[in-house]
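The analysis underlying the following values was restricted to heavy atoms, covering all of them including side chains, and did not include hydrogens, waters or symmetry mates.
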Amino acid sequence: MRRYAEANGVPIMLPDTERFMRTIVALGKPRAILEIGTAIGYSGCVMLDCCPSAKLYTIEMDEEAASVAAENFSLFGVADRVTQFLGDAREIVHKMTGCFDFVFLDGPKGQYADFLHYIKNMLASGGALLADNVLFHGYVENLPDKKDRAYGMANNMNKFLKSLFSDGDFESVILDVGDGLSLSVKK
């Protein structure tokens with residue numbers, strides 16, 4: 001899958017992010033995982049590989065990527081443990097019900113803050129939220145001067161991180177792994 005992603009310009013997690021995720025998921029042993037941003041199913045397969053009893057609920061808005069992900073879930077032998085949602089996460093997340101032990105946030109970077117309230121309500125006490133790309137190529141720490149796309153994305157990511165770290169219901173940390181990860185545990 002990594003070779004396919006690289007050959008087709010599909011962004012998937014960096015190798016050090018994958019190692020960290022494998023460790024966190026293996027330690028936490030979640031039963032129900034929510035993933036926002038399926039892409040081709042790489043991270044979903046990684047999480048399910050680490051936790052053979054887990055069920056994955058994953059959201060992807062790109063129809064072609066979701067189709068490739070479905071094929072990959074089948075090839076990897078985990079399709080029976082995956083529920084895919086096709087559409088814009090902004091329209092799906094607020095309608096979801098259920099309780100999740102682990103949430104992997106890797107969807108539209110500029111919308112992380114918009115998802116936080118809904119994720120918090122669905123996350124079990126003791127559950128973990130792992131968000132990828134929170135340092136956004138260094139722009140989060142060093143905002144660009146121009147108000148371009150990178151500025152807007154970095155500004156939105158800062159909003160997410162401020163909301164996350166000011167929320168007393170979470171214990172959170174930012175890790176300099178990959179393009180930056182935030183790991184939060186709900187109290």
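- A pairwise comparison of heavy atoms in Ala39 and Pro11 identifies CB-O, 4.1 Å as the closest pair.
- Shown here for Cys45 and Val78, the closest heavy-atom pair between the two residues is SG-CG2, 4.3 Å.
- Between the side chain of Arg2 and the main chain of Ile12, no donor-acceptor pair closer than 3.5 Å is present.
- In this structure, Asp132 contributes its side chain and Leu181 its backbone to no donor-acceptor pair below 3.5 Å.
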Show me the side-chain donor-acceptor pairs of residues 79-88 shorter than 3.5 Å, one per line, residues at least two apart or across chains.
unit_1: Arg81; atom_1: NH1; unit_2: Cys51; atom_2: O; d: 3.1
unit_1: Arg81; atom_1: NH1; unit_2: Pro52; atom_2: O; d: 2.7
unit_1: Arg81; atom_1: NH1; unit_2: Ala54; atom_2: O; d: 3.0
unit_1: Arg81; atom_1: NH2; unit_2: Leu48; atom_2: O; d: 3.1
unit_1: Thr83; atom_1: OG1; unit_2: Lys55; atom_2: NZ; d: 3.1
unit_1: Gln84; atom_1: NE2; unit_2: Ala66; atom_2: O; d: 3.2
unit_1: Asp88; atom_1: OD1; unit_2: Arg90; atom_2: N; d: 2.9
unit_1: Asp88; atom_1: OD1; unit_2: Arg90; atom_2: NE; d: 3.2
unit_1: Asp88; atom_1: OD2; unit_2: Arg90; atom_2: NE; d: 3.2
unit_1: Asp88; atom_1: OD2; unit_2: Arg90; atom_2: NH2; d: 2.7

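- For residues 113-127, the salt bridge (charged side-chain N to carboxylate O under 4.0 Å, His left out) pairs, not counting sequence neighbours, are Lys120-Asp167, Lys120-Asp169.
- Partners of Ala89 under the side chain to side chain contact (heavy atoms under 4.5 Å, CB included) rule, at least two apart in sequence or in another chain, are Ile36, Ile59, Val93, Phe115.
- Applying the side-chain hydrogen bond (donor to acceptor under 3.5 Å, both in side chains) rule to Asn8 yields no partners; only residues at least two apart in sequence or on another chain are considered.
- In this structure, Asp101 contributes its side chain and Ala32 its backbone to a donor-acceptor pair below 3.5 Å.
- Atoms OG1 and CD, from Thr23 and Glu18 in turn, are 10.0 Å apart once rounded to the nearest 0.5 Å.
- In terms of the side chain to side chain contact (heavy atoms under 4.5 Å, CB included) criterion, Asn156 has no residue partners (sequence neighbours excluded).
- Residues Ile174 and Val177 do not share a hydrophobic cluster, clusters being chains of Ile/Leu/Val/Met/Phe/Trp/Tyr side chains in contact below 4.5 Å.
- Remark: Lys187 engages Glu171 in a side-chain hydrogen bond (donor to acceptor under 3.5 Å, both in side chains) (not counting sequence neighbours).
- When atom types are taken as modelled, the side chain of Asn72 and the backbone of Ile40 share a donor-acceptor pair closer than 3.5 angstrom.
- The hydrophobic cluster containing Val68 also contains Phe76, counting ILVMFWY residues as joined when their side-chain heavy atoms lie under 4.5 angstrom apart, directly or transitively.
- You'll find the side chain of Ile24 reaches within 4.5 Å of the side chain of Phe102, heavy atoms only.
- Inter-residue side-chain proximity for Pro30 and Val25 is flagged as met; some heavy-atom pair is nearer than 4.5 Å.
- With sequence neighbours left out, the ring-ring contact (aromatic ring centres under 6.0 Å, His included) criterion links Tyr112 to Phe160.
- A side-chain donor-acceptor contact under 3.5 Å links Ser166 to the backbone of Lys162.
- The stretch residues 32-52 participates, sequence neighbours left out, in these salt bridge (charged side-chain N to carboxylate O under 4.0 Å, His left out) pairs: Arg22-Asp49.
- Atom CZ of Phe104 and atom OG of Ser43 lie 5.0 Å apart (nearest 0.5 Å).
- Partners of Arg19 by side-chain hydrogen bond (donor to acceptor under 3.5 Å, both in side chains), not counting sequence neighbours: none found.
- Here Ile33 contributes atom CD1 and Thr58 contributes atom OG1; the two are 10.0 Å apart, rounded to the nearest 0.5 Å.
- Val173 and Phe20 fall within a single hydrophobic cluster, where Ile, Leu, Val, Met, Phe, Trp and Tyr are joined by side-chain heavy atoms under 4.5 Å apart, directly or via other members.
- Side chains of Tyr118 and Met96 form no contact here, defined as non-hydrogen atoms less than 4.5 Å apart.
- At distances below 3.5 Å, at least one donor-acceptor pair connects side-chain atoms of Ser163 with backbone N or O atoms of Lys159.
- The side-chain hydrogen bond (donor to acceptor under 3.5 Å, both in side chains) test applied to Glu60 returns no partner, not counting sequence neighbours.
- Within a 6.0 Å radius of CZ in Arg31, no more than 12 heavy atoms belonging to other residues, nucleotides or ligands are found.
- No single ILVMFWY cluster, assembled from side-chain heavy atoms under 4.5 Å apart, contains both Leu75 and Met47.
- In this structure, the side chains of Leu161 and Ser182 come closer than 4.5 Å at one or more pairs of heavy atoms.
- Linking Ile, Leu, Val, Met, Phe, Trp and Tyr whenever their side-chain heavy atoms come within less than 4.5 Å leaves Leu175 and Leu14 in two separate clusters.
- When the side chain to side chain contact (heavy atoms under 4.5 Å, CB included) test is applied to Leu123, the partners found at least two apart in sequence or on another chain are Val103, Leu129, Phe170, Lys186.
- Residues satisfying the ring-ring contact (aromatic ring centres under 6.0 Å, His included) test with Tyr57, not counting sequence neighbours, are Phe100.
- Leu105 places a side-chain heavy atom less than 4.5 Å from the side chain of Ile119.
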